[in-house]
Amino acid sequence: MSMRRPEQMLWDKIRDIMAGQWRADRGENKILQGMPDVYFSVSSGLTGWLELKVLPMFPKGEHHMVRLPHYTPYQANWHWTHRDFGTKSWIIVRVEDEIFFFAARMALALFEGMSVKDFRKSARIVELKKMDNLKIVDALLQAR
């Protein structure tokens, strides 16, 4: 049995919390570069795409640059260009015990990198231990 990657474990956590509250499909698209990891729909009418990333820890100091591992220019471009046509998408990043929800408009800034201070200021943050289905939906709505 292979070990699950950090993004897969983040997906497991979100999927388990949202069980019965949404319809979501996760897939890896080897043909269309940049397509997000998850397409979802919540009964309230909220639908969209989620890109899942995990950063093991922040660099020391609030002015040091944060760069997301395995976040490609294709992924940033997908969020940016689809946003222009009304597609809702978010980048969700786990850093230690916090989950950061970023709107698609932050896609390029996340790719280019930003300071720890700006990273925290630009996202909706939910503590992993306190995360439930309402906090996830609220973070998505607030991060638009």
Side-chain angles (χ1 to χ4, degrees), residues 1-43 46-83 85 87-144:
M1 186 168 164
S2 64
M3 287 193 59
R4 300 205 34 91
R5 294 188 323 242
E7 286 81 9
Q8 292 169 320
M9 291 187 294
L10 175 57
W11 165 242
D12 293 343
K13 180 74 172 168
I14 293 171
R15 182 196 62 218
D16 292 348
I17 289 170
M18 293 300 291
Q21 305 298 316
W22 71 350
R23 173 71 174 114
D25 296 301
R26 183 173 192 273
E28 295 290 330
N29 191 328
K30 303 288 184 202
I31 297 169
L32 180 61
Q33 293 184 343
M35 192 171 103
D37 300 315
V38 177
Y39 181 77
F40 75 94
S41 180
V42 179
S43 62
L46 178 64
T47 62
W49 293 87
L50 306 175
E51 181 64 45
L52 306 174
K53 295 295 177 194
V54 175
L55 182 66
M57 65 180 62
F58 281 120
K60 300 296 180 205
E62 68 177 15
H63 296 292
H64 284 87
M65 294 296 284
V66 174
R67 296 202 186 275
L68 297 178
H70 314 294
Y71 186 52
T72 69
Y74 298 109
Q75 291 169 320
N77 185 59
W78 191 100
H79 287 282
W80 190 257
T81 57
H82 282 74
R83 175 188 68 92
F85 290 93
T87 302
K88 295 179 188 123
S89 65
W90 296 264
I91 300 97
I92 299 177
V93 182
R94 178 180 177 177
V95 184
E96 298 180 53
D97 292 330
E98 294 177 307
I99 308 294
F100 296 81
F101 293 79
F102 292 93
R105 64 183 163 71
M106 297 302 300
L108 295 179
L110 284 167
F111 176 73
E112 292 169 353
M114 61 178 76
S115 70
V116 172
K117 181 180 180 180
D118 289 340
F119 189 93
R120 289 185 157 285
K121 192 169 66 172
S122 300
R124 290 293 177 180
I125 306 169
V126 177
E127 289 182 47
L128 186 60
K129 288 185 252 179
K130 296 180 180 178
M131 194 164 68
D132 62 24
N133 62 325
L134 294 175
K135 284 188 175 60
I136 290 172
V137 171
D138 185 58
L140 293 171
L141 290 170
Q142 296 298 316
R144 289 197 294 180

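Just so we're clear, the structure is a prediction, and the values are computed from it rather than from any experiment.
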Distance-minimising heavy-atom pair for [X] and [Y]:
X	Y	result
Q8	R5	OE1-N, 2.6 Å
T47	S41	CG2-OG, 3.2 Å
V66	P59	CG2-CD, 4.0 Å
V116	G61	CG2-O, 3.6 Å
A76	L108	CB-CD2, 4.0 Å
G48	W90	CA-CZ3, 4.0 Å

Is there a side chain to side chain contact (heavy atoms under 4.5 Å, CB included) between L52 and R26? Walk through the geometry before answering.
CA-CA 10 Å; L52 306 174; R26 183 173 192 273; 4.2 Å; yes

Atom pair [atom1]/[atom2] of [X] and [Y] - distance to nearest 0.5 Å:
X	Y	atom1	atom2	value
E98	R120	CD	CZ	4.0 Å
L10	I92	CG	CD1	7.0 Å
F101	L141	CZ	CG	11.0 Å
R83	M106	CZ	CE	11.0 Å
W22	I136	CH2	CD1	6.5 Å
M114	L68	CE	CG	8.0 Å

Given side chain to side chain contact (heavy atoms under 4.5 Å, CB included), test W11 with D37 step by step and report yes or no.
CA-CA 9 Å; W11 165 242; D37 300 315; over 6 Å; no

With heavy-atom distances below 4.5 Å as the criterion, would you say the side chains of [X] and [Y] are in contact?
X	Y	answer
L128	K13	yes
W49	M35	yes
T87	W78	yes

Does the pair H79 and I91 meet the rule for a side chain to side chain contact (heavy atoms under 4.5 Å, CB included), with working shown?
CA-CA 9 Å; H79 287 282; I91 300 97; 3.9 Å; yes

The criterion is side-chain contact (heavy atoms from CB on, under 4.5 Å); which residues satisfy it with E112, sequence neighbours excluded?
none

Working note: F100 + F58, criterion ring pair (Phe, Tyr, Trp, His ring centres under 6.0 Å); need CA distance, chi angles, decisive distance, verdict.
CA-CA 12 Å; F100 296 81; F58 281 120; 5.6 Å; yes

Salt bridge (Lys or Arg N to Asp or Glu O under 4.0 Å) with K130: which residues, sequence neighbours excluded?
E127

Pair F40-L140, side chain to side chain contact (heavy atoms under 4.5 Å, CB included): steps then yes or no
CA-CA 12 Å; F40 75 94; L140 293 171; 3.8 Å; yes

Quick check against the 3.5 Å criterion: does Y39 have a side-chain atom that pairs as donor or acceptor with the backbone of G27?
no

Would you check if the side chain of Q75 reaches a backbone N or O of T72 as a donor-acceptor pair within less than 3.5 Å?
yes

Trace of the salt bridge (Lys or Arg N to Asp or Glu O under 4.0 Å) decision for R15 with D12:
CA-CA 5 Å; R15 182 196 62 218; D12 293 343; 3.4 Å; yes

